[in-house]
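Lettering of chains follows the sequences in order, A, B, ..., and the numbering in each one begins at 1. Scope of the values below: all heavy atoms of this structure, side chains included, with no hydrogens, waters or symmetry mates.
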There are 2 protein chains.
Amino acid sequence: MDTRWLDDDERAAWLKLMAVVELLPGALDTQLRRDSGLSHFEYFVLAMLSEAPERTLRMTQLGRLTNATLTRLSHVSRRLDERGLIERFQCPEDGRATNARLTEKGWQTVVQAAPGHVGTVRATVLDALTPEQVGQLHAIADAVLPRLDPDRRLAVLYDETAPSDIAS
Amino acid sequence: MDTRWLDDDERAAWLKLMAVVELLPGALDTQLRRDSGLSHFEYFVLAMLSEAPERTLRMTQLGRLTNATLTRLSHVSRRLDERGLIERFQCPEDGRATNARLTEKGWQTVVQAAPGHVGTVRATVLDALTPEQVGQLHAIADAVLPRLDPDRRLAVLYDETAPSDIAS
DNA sequence: ACGGTTTGGTTGTAGCGTCAACTAAAGCCT
DNA sequence: AGGCTTTAGTTGACGCTACAACCAAACCGT
């Protein structure tokens with residue numbers, strides 16, 4: 001199988017993208033840990049719950065939203081439970097399912113963490129871009145995401161037209 | 001402190017970028033593990049060595065190129081050594097330093113892994129973009145990277161054109 | 001040349017994520 | 001009703017990474 005290698009433009013764009021992908025998670029994680037004692041993933045879990053009806057989600061749906069395996073989510077939610085940021089209880093309609101609900105303490109934690117997080121998002125990415133570039137980034141991600149996420153597991157997050165069956 | 005929240009365009013672009021950042025490493029990792037038995041990080045370490053003079057680098061420099069702590073690199077290079085893909089030896093000029101050199105087996109491994117990896121890069125990202133978008137991505141990353149990498153730790157990767165071989 | 005500091009790297013420990021195995025409830029078929 | 005399959009989630013063991021402590025070589029001022 002003969003390989004189409006990358007030309008100079010492609011190679012440069014790719015390496016820069018890889019650098020961003022490599023550095024961005026660490027930047028977000030560092031700020032959140034320092035200022036709020038949360039990993040980025042933990043913050044994201046709490047943020048998803050904070051936007052859900054009743055601040056409650058089934059584990060499976062929460063896993064889809066956060067791109068986590070059920071195993072990972074089970075471990076993380078147990079720790080968040082032990083820290084009093086969420087609580088878990090068996091779903092009344094389906095005895096197999098577990099619901100995770102944000103506690104008042106968890107809500108306060110998200111509310112306090114959000115400004116600093118948004119500030120980091122601005123400082124590292126958005127404020128560095130012109131409005132045109134924000135639009136271009138939008139379009140580039142739209143072109144790439146169907147290939148990265150063919151099953152549209154994360155579509156609820158990035159596609160406004162996605163069916164948001166979060167409520168059930 | 002007043003928070004400048006994200007407007008709709010910013011929020012949409014941000015969520016899409018986050019989805020890409022979340023999904024891309026997994027996609028690369030899955031393909032490389034399946035086809036070559038390497039994590040993406042291990043592949044990247046071998047690729048950096050493959051382009052270095054004598055296929056040899058000091059641990060510290062290799063750590064900079066791969067954005068890894070020395071601790072992480074020490075563990076990974078020990079495993080790669082045990083698998084016979086690299087070898088380590090004390091640097092003659094500086095007794096403190098350790099040099100890592102790609103073995104012939106390591107070289108063969110990289111050469112075998114590269115086409116599939118480049119194929120994945122094309123399939124997931126580059127082939128989804130128009131040439132204009134590749135240029136835009138280039139510019140967007142250029143705007144963002146000084147903020148993500150103020151110390152220019154990874155600048156060698158994304159700034160100057162590097163030796164044009166396998167290093168994607 | 002010698003004591004303190006800095007630099008380069010390794011090791012131990014603990015936390016997080018993954019894989020495989022498991023439990024339990026729900027659905028389905030007859 | 002009884003039994004098989006599917007779905008939801010948890011648990012335990014193991015691998016990888018970060019943090020801290022550590023060791024050794026090189027550097028530096030006196």
With sequence neighbours left out, write down each residue that passes side chain to side chain donor-acceptor pair (under 3.5 Å) with Arg96(A), or none if nothing qualifies. Asp94(A)
With side chains defined as the heavy atoms from C-beta onward, is the minimum distance between Ile86(B) and Leu49(B) less than 4.5 Å? yes
Between Val45(A) and Met48(A), is the side chain to side chain contact (heavy atoms under 4.5 Å, CB included) condition met? List the steps. CA-CA 5 Å; Val45(A) 167; Met48(A) 289 303 104; 6.0 Å; no
Tell me which pairs pass ring-ring contact (aromatic ring centres under 6.0 Å, His included) where either residue lies in residues 49-71 of chain B, with sequence neighbours left out. none
Between Glu93(A) (CD) and dA25(C) (P), how many Å, whole number? 16 Å
Axis-to-axis angle between the two ends of the helix from dA1(C)-dT30(D) to dT30(C)-dA1(D) (five base pairs per end, rounded to 10 degrees): 20°
Sequence neighbours excluded, the answer for salt bridge (charged side-chain N to carboxylate O under 4.0 Å, His left out) partners of Arg147(B) is none
Verify salt bridge (Lys or Arg N to Asp or Glu O under 4.0 Å) between Arg101(B) and Asp81(B), making sure each step is shown before the conclusion. CA-CA 10 Å; Arg101(B) 179 167 50 209; Asp81(B) 192 340; over 6 Å; no
Would you mind reporting whether Thr98(A) and Thr60(A) have side-chain heavy atoms less than 4.5 Å apart? no
Within 6.0 angstrom of Glu82(B) CD, more than 12 heavy atoms from elsewhere: yes
What are the bounds, 5' to 3', of the part of DNA chain D that sits under 4.0 Å from heavy atoms of chain B? dC16(D) to dA26(D)
For DNA chain D, what residues of residues 22-30 of chain A have any heavy atom nearer than 4.0 Å? none
Mind jotting down which residue pairs meet the salt bridge (charged side-chain N to carboxylate O under 4.0 Å, His left out) criterion with at least one end in residues 35-44 of chain A? Sequence neighbours excluded, please. Glu42(A)-Arg83(A)
For DNA chain C, find the residues of residues 31-38 of chain B with a heavy-atom distance under 4.0 Å and give them by number; none if there aren't any. none
Considering residues at least two apart in sequence or located in another chain, which fulfil the ring pair (Phe, Tyr, Trp, His ring centres under 6.0 Å) criterion with His117(A)? His40(A), Tyr43(A)
In whole Å, what is the span from the CD atom of Glu82(A) to the C1' atom of dG15(C)? 13 Å
Full working for salt bridge (Lys or Arg N to Asp or Glu O under 4.0 Å) between Arg33(A) and Asp29(A): CA-CA 6 Å; Arg33(A) 274 187 201 283; Asp29(A) 227 63; 3.1 Å; yes
Closest-nucleotide ordering on DNA chain C, the 5'-leading residue of Gly95(A) and Ala68(A): Ala68(A)
Tell me which donor-acceptor pairs under 3.5 Å the side chains of residues 106-114 of chain A have, and how far apart each pair is, sequence neighbours excluded?
unit_1    : atom_1 : unit_2    : atom_2 : d
Gln108(A) : NE2    : Glu104(A) : OE2    : 2.8
Thr109(A) : OG1    : Lys105(A) : O      : 2.8

Answer yes or no: is there a side-chain heavy-atom contact under 4.5 Å between Asn99(B) and Leu57(B)? no
How would you list, by chain and number, every residue that makes a salt bridge (charged side-chain N to carboxylate O under 4.0 Å, His left out) with Asp142(B), sequence neighbours excluded? Lys16(A)
Which is true for Thr69(A) with a 4.0 Å heavy-atom rule: it touches a base, it touches only sugar-phosphate, or it touches nothing? sugar-phosphate
Treating primed atoms plus P, OP1 and OP2 as sugar-phosphate and everything else as base, which nucleotides of nucleotides 5-12 of chain C get B, S or - for protein heavy atoms under 4.0 Å? --BSBBBB
Is Arg88(A) atom CZ crowded by more than 12 heavy atoms from other residues, nucleotides or ligands, each under 6.0 Å away? yes
